[in-house]
Chemist: 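Structure incoming, see below.
Quick caveat: nothing in here was measured; it's all calculated off a predicted structure.
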Amino acid sequence: MNSNSQSTSPLQLATATQFIKGVGPARAEQLLRLGLRTARDLLFFLPRDYEHPAPRTRIADLKENLPASFVATVTEIDQITTKAGKSILGVLVEDDSGAARMMFFNQPYRLDSLPRGLRVLVSGKPRLAGMRMELVHPKVIPLEAEELPGKQAILPVYPLTDGVNQSNMRRAIAAVVDELADEIAEVIPEPIRQSASLVSIQDAMRNIHQPEDQTALDAARRRLIFQELFILQLALALRRRKLTSDLRSPPLPVDAAIDARILKRFPFELTGDQKKAFAEVSADMARQFPMNRLVQGDVGSGKTVIAQYAMLLAVANKHQAVLMAPTEVLARQHFETFRKSLSRSRVRLGLLTGTLSTLDRRDVLKAAADGEIDLLVGTQALLNDKVVFKQLGLVVIDEQHKFGVSQRANLRRGGLDPHYLVLSATPIPRTVAMAAFGDLDVTTLKEKPPGRSQVHTYLAKDDWAQRWWDFLAQRVREGRQAFVVAPRVDSAEQEDVSSAQQIFDELRTGPLKSFRIGLLHGRMSPEEKNDTMTRFAQGRLQVLVATTVIEVGIDVPNATVMTILGANRFGLAQLHQLRGRVWRGSHPGYVCVFTDKEGLPEDDERLNTFASTSDGFALAEADYRMRGPGDLLGVRQSGMPPLRVADPLRDTEILEAARDLAMEIVDNDPHLEDPSLALLKQRVLTRYGNSLDLGDVA
Ligand code: ADP
Ligand code: MG
């Protein structure tokens, strides 16, 4: 291939990177490692940060302790090695006003990057050393011979890869920006830009790479963040619109008599948040289009009651309701809860899980189809079995974060569409919920049921094992029960990971041998699992050693002590879910955390955060901050593309503005038919059409 003939033709967005000025085939190969194939890719490869050089000055004008930057040339290099083997590098730099010295301690590798004659932009805090100003570990940016940093106050900092340094990257991208920024299509129509005070996309692209000044950079970032969130919010608004206006559901209203009859079933006083949730749910269910409501609340906030209320409301209106749980253990627990509270009522219950015999399954399926089951509880088996209902009014999905959106869609079929209620125990910060679940209505339970005791969380110290088992044994002797959780079933593959099997063997022959102790993990047969869980729930087992199969939903209020082994392998949300298992009854809960790695749990930032608060919402925020905005929509587990520039926790105002505008636009123009919105609509569909199932909007 003849690259010379190509390099003279004008640069286009689709031009391969190797033909960009100063790139060439070898570097193009390296850029490929960053996923950069074309000029367009480079254009949209955004800085991860910016260098803000201190005020520019001349060496002669440097003032002690006043941060400053200057352009100079390396003239002398001096490296000494101390007796202790440490390197000290002194580099003299000069401009036409004088000379200054840069000092680097223990950075011998600097030697190679600072050859004599190199022009550099130096910034740091000078101090007077003898007759000269000296800068210890200043920031040094090498400049190309012809480069004039004077024009550029703020420098972009790009992610790099082996063989491509910052200066290479800046030059390649600058070449593209200069020639192509004006080619980018503007998708946001002028009037919207005006009303939201947004700069044009061309301005934004130029200034995001080569900021004229801080104000221009801020405006550029705002524009790009807005665009990303706006497109997302339009997608969510379209989906919401589709769910509410294209679909028909049976109205399932509540009245005072029904309300009283349902409330009678709960053996306790409801919390204010639960009552509010009932009101929201029953208002939704009274309408003739589907409810799409997410109930989120911290572990133990009493979400099951909301599901129960909604399901009984459906039954009171002569419709069927189905509840889907992510595990068989949890499905059975819900079934038992319903069975107890409905013991003297005419409501007919069914349970459908993967372990039913073929015969039983056939019976359940037939009863659901004939309308002889009012409330059906089950697992994913509900989806696989293609259950047909006589008159389905409501679908409840518990622990929604364990399912994907597409699975939700599978339950919708035929006739009128059921109402949807999804429960999530992973609290989501408000703005994140707005970004991830803007198509759903969100109810938040913050209040804990009254009488809930404290939970204490300890990070194990070095010699704690024996002390902790003694403490646990003491609680068990007092009548409580305990969980011991390990990250793996067995250690066959990885010896350095705590395993449930191993600790089970150790405990029942050692520290806990006088107790009835059981083992529960995902490799056991469903029958064994059920049996073990039932025995624990009934108090016949005192200690349960388990993997994270017990993570979600398990409700055994008498269990108050939890040991978490290998805690470094669990995420923050997961740890909090686990802790929720021993924070249910009126006795205080105790959690102790051990790790499998060198060092103490208290050295681990995540574990410290975990121990420092038991507020699920605070933890969720900390978790999102640690994982970064790219993962924010991971909560949705639906294959939605991650956000690239926006961060819902940080960009709250932009998010709210983008959402309001998106809702207004979709209200006025439900299918985005206005020709001025054509490009925008196309972007929305390309990005979210599949994951949000917006097909027929197009
Ligand atoms: P989660 O929100 O984690 O799913 P659950 O619905 O399992 O919580 O409820 C946790 C425990 O609190 C259960 O034992 C439940 O019976 C109890 N509970 C729920 N609501 C109340 C209430 N208003 N008063 C007292 N206990 C309640
Ligand atoms: Mg629950």
Side-chain angles (χ1 to χ4, degrees), residues 13 40-41 43-46 181 183-205 207-208 219-243 405 431-440 628-698:
L13 286 169
R40 174 197 297 278
D41 295 341
L43 199 54
F44 288 97
F45 193 64
L46 302 184
E183 310 265 312
I184 309 169
E186 176 61 84
V187 299
I188 305 186
E190 174 73 21
I192 298 182
R193 260 170 34 221
Q194 294 261 324
S195 79
S197 313
L198 301 173
V199 297
S200 71
I201 189 66
Q202 297 84 9
D203 267 3
M205 288 313 286
N207 277 292
I208 204 81
R221 296 194 50 197
R222 184 163 178 284
R223 155 73 206 228
L224 297 179
I225 291 168
F226 186 95
Q227 176 160 335
E228 183 167 56
L229 292 172
F230 187 45
I231 286 174
L232 169 61
Q233 292 300 321
L234 280 170
L236 291 169
L238 287 173
R239 178 175 163 90
R240 184 190 187 87
R241 178 88 198 178
K242 182 178 140 171
L243 295 176
V405 173
T431 52
V432 178
M434 207 184 273
F437 295 103
D439 53 335
L440 306 183
D631 190 55
L632 282 170
L633 296 177
V635 292
R636 185 139 191 174
Q637 310 234 319
S638 64
M640 264 165 79
L643 294 174
R644 284 185 293 213
V645 289
D647 174 352
L649 281 182
R650 178 195 63 199
D651 307 320
T652 44
E653 273 166 49
I654 305 179
L655 172 59
E656 281 171 17
R659 187 186 64 148
D660 291 350
L661 195 55
M663 301 226 283
E664 189 188 315
I665 289 174
V666 172
D667 274 349
N668 292 326
D669 183 0
H671 298 279
L672 303 186
E673 280 158 350
D674 186 315
S676 76
L677 300 174
L679 274 180
L680 196 55
K681 175 175 176 177
Q682 192 190 323
R683 280 299 156 83
V684 170
L685 292 178
T686 319
R687 194 155 171 78
Y688 295 105
N690 280 336
S691 51
L692 289 179
D693 191 20
L694 297 173
D696 38 337
V697 176

Chemist: Leu224 pairs by side chain to side chain contact (heavy atoms under 4.5 Å, CB included) with which of Asn207, Ile208, Leu198?
Modeler: Ile208

Chemist: Give, for atom NE2 of His671 and atom NZ of Lys242, the distance between the pair rounded to the nearest 0.5 Å.
Modeler: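 Between His671 NE2 and Lys242 NZ, I get 11.0 Å after rounding to 0.5 Å.
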
Chemist: Inspect the surroundings of CZ in Arg222 and state if more than 12 heavy atoms from other residues, nucleotides or ligands are less than 6.0 Å away.
Modeler: yes

Chemist: Measuring from atom CD of Gln227 to atom CD of Glu186, what distance do you get when rounded to the nearest 0.5 angstrom?
Modeler: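 With rounding to 0.5 Å, CD (Gln227) is 7.0 Å from CD (Glu186).
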
Chemist: Nearest heavy-atom pair of Ala237 and Ala662: which atoms, and what distance?
Modeler: CB-O, 4.2 Å

Chemist: Quick one: does Gln233's side chain have a donor or acceptor within less than 3.5 Å of a partner on Gly438's backbone?
Modeler: no

Chemist: Could you tell me the separation between the CG atom of Leu238 and the CG atom of Asp669, rounded to the nearest 0.5 Å?
Modeler: 9.0 Å

Chemist: Looking only at heavy atoms, which two atoms of Ile184 and Met205 are closest? And how far apart?
Modeler: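 For Ile184 and Met205, the tightest heavy-atom pair comes out as CD1-CG, 3.1 Å.
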
Chemist: Mind checking the CZ-CG spacing from Phe230 to Leu680? Nearest 0.5 Å is all I need.
Modeler: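 It comes to 5.5 Å.
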
Chemist: For the residue pair Ala646 and Leu643, what are the closest heavy atoms and their distance?
Modeler: O-CB, 3.8 Å

Chemist: Any donor-acceptor pair under 3.5 Å linking the side chain of Arg239 with the backbone of Leu692?
Modeler: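 Side chain of Arg239 to backbone of Leu692: a pair is present.
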
Chemist: Stepwise, does the side chain to side chain contact (heavy atoms under 4.5 Å, CB included) test hold for Tyr688 with Ile231?
Modeler: CA-CA 9 Å; Tyr688 295 105; Ile231 286 174; 3.9 Å; yes

Chemist: Picking from Ile201, Ile188, Val199, what satisfies side chain to side chain contact (heavy atoms under 4.5 Å, CB included) with Arg193?
Modeler: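 Among Ile201, Ile188, Val199, the one meeting side chain to side chain contact (heavy atoms under 4.5 Å, CB included) with Arg193 is Ile188.
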
Chemist: Once side-chain contact (heavy atoms from CB on, under 4.5 Å) is applied, do any residues pair with Asp660, and if so which ones, sequence neighbours excluded?
Modeler: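 Scan of Asp660 (side-chain contact (heavy atoms from CB on, under 4.5 Å), adjacent residues dropped) gives none.
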
Chemist: Return the CZ to CG distance between Arg241 and Asp439, rounded to the nearest 0.5 Å.
Modeler: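 Going from CZ on Arg241 over to CG on Asp439, the span is 14.5 Å.
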
Chemist: CG of Leu672 to CG of Leu694: how many Å apart, nearest 0.5 Å?
Modeler: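 If we round to the nearest 0.5 Å, Leu672:CG and Leu694:CG are 10.0 Å apart.
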
Chemist: Taking atom CZ as the centre, does Arg683 end up with more than 12 heavy-atom neighbours from other residues, nucleotides or ligands that are less than 6.0 angstrom away?
Modeler: no

Chemist: More than 12 foreign heavy atoms under 6.0 Å from CG of Asn690: is that the case here?
Modeler: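 Open.
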
Chemist: Side chains of Arg687 and Glu228: does their closest heavy-atom pair fall under 4.5 Å?
Modeler: yes

Chemist: Minimum heavy-atom separation for Arg223 to Ser200, with atom names?
Modeler: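 Minimum heavy-atom contact is NH1-C, 3.8 Å.
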
Chemist: Between side-chain atoms of residues 648-659 and protein atoms elsewhere (two or more places apart, or another chain), which donor-acceptor pairs fall under 3.5 Å?
Modeler:
from	atom 1	to	atom 2	distance (Å)
Arg650	NH2	Val645	O	3.1
Asp651	OD2	Asp647	N	2.8
Glu656	OE2	Arg430	NH2	2.5

Chemist: Show the numbers, then the answer: is there a side chain to side chain contact (heavy atoms under 4.5 Å, CB included) between Leu234 and Leu677?
Modeler: CA-CA 11 Å; Leu234 280 170; Leu677 300 174; over 6 Å; no

